[in-house]
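In what follows, every chain begins at residue 1, and chains take the letters A, B, ... in the order their sequences are listed.
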There are 2 protein chains.
Amino acid sequence: MAYRPTARTEARRAEVRDRIVRAAFELIRRGGYREASVAAVAAGAGVATGTVYRHFPSKAELFAEVFRVASQHEVDAVAEAMAAPASVSDRIALGVETFARRALRGRRLAWALLAEPVDPAVEEERLVFRRAYAEVFASSLREGVLDGSLPPQDPDVTAVALVGAIGEVLTQPHSSDEQALVASLVRFCLRSITEESDVHRHAA
Amino acid sequence: MAYRPTARTEARRAEVRDRIVRAAFELIRRGGYREASVAAVAAGAGVATGTVYRHFPSKAELFAEVFRVASQHEVDAVAEAMAAPASVSDRIALGVETFARRALRGRRLAWALLAEPVDPAVEEERLVFRRAYAEVFASSLREGVLDGSLPPQDPDVTAVALVGAIGEVLTQPHSSDEQALVASLVRFCLRSITEESDVHRHAA
DNA sequence: GCAAGGTATGAATCGTGATTCACTTCTTGA
DNA sequence: TCAAGAAGTGAATCACGATTCATACCTTGC
């Protein structure tokens with residue numbers, strides 16, 4: 001037993017691992033999953049292909065981690081926006097708007113996280129991601145249903161539907177400008193959680 | 001010029017082509033796109049691998065056609081349900097319910113059409129498919145906005161959001177039983193197209 | 001019947017990109 | 001300084017399924 005890595009060596013190793021994750025993220029952010037070959041990741045991190053495999057058992061595991069970190073970041077941003085002291089409706093609106101604006105800023109990343117075809121193993125992370133988004137909305141919805149500020153509804157279904165609606169609108173190419181699109185989307189989401197008025201229900 | 005296929009021969013050829021398409025569809029319906037290798041399609045159709053390429057220039061083109069036919073079928077079903085003589089809201093509800101029930105019946109097919117990772121060329125058909133769904137909803141929504149039975153809104157955004165919401169709810173695994181799920185989903189969609197009531201908007 | 005040309009076959013080829021591994025280089029503790 | 005073992009290297013290998021193509025078989029019109 002003539003060798004046992006010191007803290008310093010382990011730190012260096014961790015730094016390499018980190019560079020690999022960052023390089024992978026950068027590739028996804030700029031060109032999506034398709035462009036992100038292991039060779040490209042290695043080049044971006046300044047290491048040899050084989051080195052990637054000294055830190056991750058497979059490409060799928062590497063990108064699962066990248067997805068995990070990136071999507072957690074997004075969910076956190078939305079959750080933070082929704083932590084504001086406001087009514088349930090207003091908080092939902094804030095969440096939707098944050099979700100939308102961030103996605104429109106980094107379209108490629110949003111597409112990669114929300115919709116791009118990926119390995120099954122990575123797809124699993126995506127489901128976790130979408131569920132996490134839904135959960136953020138669901139907890140506010142539950143609160144609103146309980147305190148009566150929202151009409152009775154299944155908060156889980158509503159939350160999942162919201163995530164789907166937002167994702168689809170953001171993923172689909174649109175003509176209208178960003179401001180209008182976000183405004184329409186927020187209005188859609190607010191309508192969908194609040195009571196439909198009898199006036200319109202019977203007006204037709 | 002000693003050979004020019006007769007009608008009979010062309011019919012036989014068309015029949016082979018048809019068998020290939022059916023086999024491809026059957027594979028997708030049962031195991032999704034992943035399971036549907038060209039070899040498996042050929043086997044299912046009772047022909048050799050190479051024969052597939054005498055009828056389609058590539059796997060992507062074959063499956064693009066399969067997607068086209070299958071999804072048109074779904075869209076038609078929804079459009080037909082919405083042709084009933086009823087109010088805009090009721091028709092939307094019918095459309096959503098039809099969409100949902102059919103998808104829950106053939107979950108694998110629904111997943112393949114709505115969400116499964118596929119070739120870019122096939123993905124294009126999927127976009128067409130989703131747009132077609134959205135358009136079916138959009139035309140009713142436009143009508144409702146014009147005649148005042150629905151509040152002012154961007155019908156295209158609403159329609160796309162509806163498709164996203166429905167797709168996500170159906171794609172995501174759920175605990176509740178089918179009846180309850182569909183009911184919740186229909187309610188969500190109806191709320192999302194009708195006016196939010198002032199009562200709840202200001203109640204919090 | 002037979003030449004021309006179409007159609008079917010399926011084993012062999014190809015492309016792509018992940019993964020491996022024999023080898024080199026670096027670290028450590030004695 | 002040295003042996004043991006860890007980390008890094010990158011060309012070679014592998015896996016896998018789409019695609020090709022030399023060959024055999026049918027159809028047609030003369």
Side-chain angles (χ1 to χ4, degrees), chain A residues 1-21 23-24 27-28 31-67 116-123, chain B residues 1-21 23-24 27-28 31-67 116-123:
Chain A
M1 74 93 210
Y3 182 64
R4 177 60 36 97
T6 62
R8 177 173 198 78
T9 297
E10 274 177 1
R12 207 176 294 149
R13 181 178 160 78
E15 198 265 326
V16 169
R17 187 191 148 100
D18 198 55
R19 280 221 310 283
I20 292 171
V21 172
L27 281 168
I28 279 202
Y33 191 73
R34 302 207 73 207
E35 315 266 294
S37 68
V38 173
V41 169
V47 297
T49 338
T51 303
V52 171
Y53 288 86
R54 300 198 59 72
H55 292 271
F56 298 90
S58 70
K59 182 189 180 181
E61 295 265 338
L62 162 59
F63 280 94
E65 176 159 334
V66 171
F67 260 60
E116 186 179 11
V118 292
D119 283 36
V122 180
E123 185 73 32
Chain B
M1 63 103 207
Y3 182 65
R4 177 61 36 100
T6 61
R8 176 172 199 78
T9 298
E10 274 177 1
R12 209 176 293 149
R13 182 178 160 78
E15 197 265 326
V16 168
R17 187 191 147 99
D18 198 56
R19 280 221 310 283
I20 291 171
V21 172
L27 281 168
I28 280 201
Y33 191 72
R34 303 207 73 209
E35 316 264 297
S37 68
V38 174
V41 170
V47 298
T49 338
T51 303
V52 172
Y53 288 87
R54 301 198 58 72
H55 293 270
F56 298 91
S58 69
K59 181 189 180 180
E61 295 265 340
L62 163 59
F63 280 94
E65 174 160 336
V66 172
F67 261 61
E116 186 179 11
V118 292
D119 283 37
V122 181
E123 185 74 32

> Measure across B/Val122 and B/Ala64 and return the closest heavy-atom pair with its distance rounded to 0.1 Å.
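Minimum heavy-atom contact is CG2-N, 4.1 Å.
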
> Check this one for me: any side-chain N or O of B/Arg12 less than 4.0 Å away from OP1 or OP2 of D/dT27?
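Looking at the OP1 and OP2 atoms of D/dT27, one of them is under 4.0 Å from a side-chain N or O of B/Arg12.
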
> Sort and list the pairs that fulfil side-chain hydrogen bond (donor to acceptor under 3.5 Å, both in side chains) and have at least one residue in residues 32-41 of chain A, not counting sequence neighbours.
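As it turns out, the side-chain hydrogen bond (donor to acceptor under 3.5 Å, both in side chains) pairs with a partner in residues 32-41 of chain A, which skip direct neighbours, are A/Tyr33-A/Asp119.
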
> If you pin B/Pro5 and A/Thr51 to their nearest nucleotides in DNA chain D, which one's is more 5'?
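Upstream on the strand: A/Thr51.
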
> For C/dA8, does OP1 or OP2 lie under 4.0 Å from any side-chain N or O of B/His55?
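Answer yes for this pair, as a side-chain N or O of B/His55 is under 4.0 Å from OP1 or OP2.
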
> Measure NZ/B/Lys59 against P/C/dG15 and give the value in whole Å, please.
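One finds 19 Å between P of C/dG15 and NZ of B/Lys59, rounded.
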
> Grab the two heavy atoms, one from B/Phe63 and one from B/Ala36, that are nearest each other, plus how far apart they are.
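Smallest heavy-atom distance, with atoms named: CZ-CB, 3.5 Å.
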
> Using whole Å, what does the distance between atom P of nucleotide C/dT16 and atom CG of B/Asp119 come to?
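About 14 Å, once rounded to whole Å.
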
> Classify A/Thr9 by what it touches in the nucleic acid, base, sugar-phosphate, or nothing, heavy-atom distance under 4.0 Å.
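A/Thr9: backbone/sugar contact only, no base atoms under 4.0 Å.
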
> Given atom CD1 of B/Ile20 and atom C1' of C/dA8, what is their separation to the nearest angstrom?
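That distance rounds to 10 Å.
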
> If every non-hydrogen atom of A/Thr51 is compared with every non-hydrogen atom of A/Ile20, which pair is closest and at what distance?
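In this case the closest contact between A/Thr51 and A/Ile20 is O-CD1, 4.3 Å.
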
> Can you tell me how far C1' of D/dT19 sits from CD of B/Glu61, to the nearest Å?
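Value for this atom pair: 14 Å.
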
> Look at the side-chain N and O atoms of B/Arg4 and state whether any lies under 4.0 Å from the OP1 or OP2 oxygen of D/dT28.
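So the side chain of B/Arg4 is outside the cut-off, no N or O lying under 4.0 Å from OP1 or OP2 of D/dT28.
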
> Please give, in whole Å, the distance from D/dC26 P to B/Arg54 CZ?
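It is 15 Å, rounded to the nearest whole Å.
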
> Please determine if a side-chain N or O atom of A/Thr49 lies less than 4.0 Å away from the OP1 or OP2 oxygen of C/dA18.
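Checking A/Thr49 against C/dA18: no side-chain N or O falls below 4.0 Å of OP1 or OP2.
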
> Touch check for A/Ser37, heavy atoms < 4.0 angstrom, all strands: base, sugar-phosphate only, or nothing?
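Sugar-phosphate only.
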
> Just how far, in rounded Å, is C1' of D/dA7 from CG of A/Asp18?
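My rounded result for the distance is 17 Å.
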
> For a 4.5 angstrom cut-off between non-hydrogen side-chain atoms, does B/Glu65 reach B/His55?
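They are not in side-chain contact.
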
> According to a strict under-4.0 Å criterion, is A/Tyr53 in side-chain N/O contact with OP1 or OP2 of C/dT19?
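So the side chain of A/Tyr53 is within the cut-off, an N or O lying under 4.0 Å from OP1 or OP2 of C/dT19.
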
> Name the residue closer to the 5' end of DNA chain D, choosing between B/Ala7 and B/Ala36 according to the nucleotide with the nearest heavy atom.
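The answer here is B/Ala36.
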
> Once you round it to whole Å, what is the distance between P of D/dG5 and OH of A/Tyr3?
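For the pair A/Tyr3 OH and D/dG5 P, the rounded distance is 12 Å.
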
> Atom CZ of A/Arg13 to atom P of C/dT28: distance rounded to whole Å?
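Spelled out: CZ on A/Arg13 to P on C/dT28 is 14 Å.
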
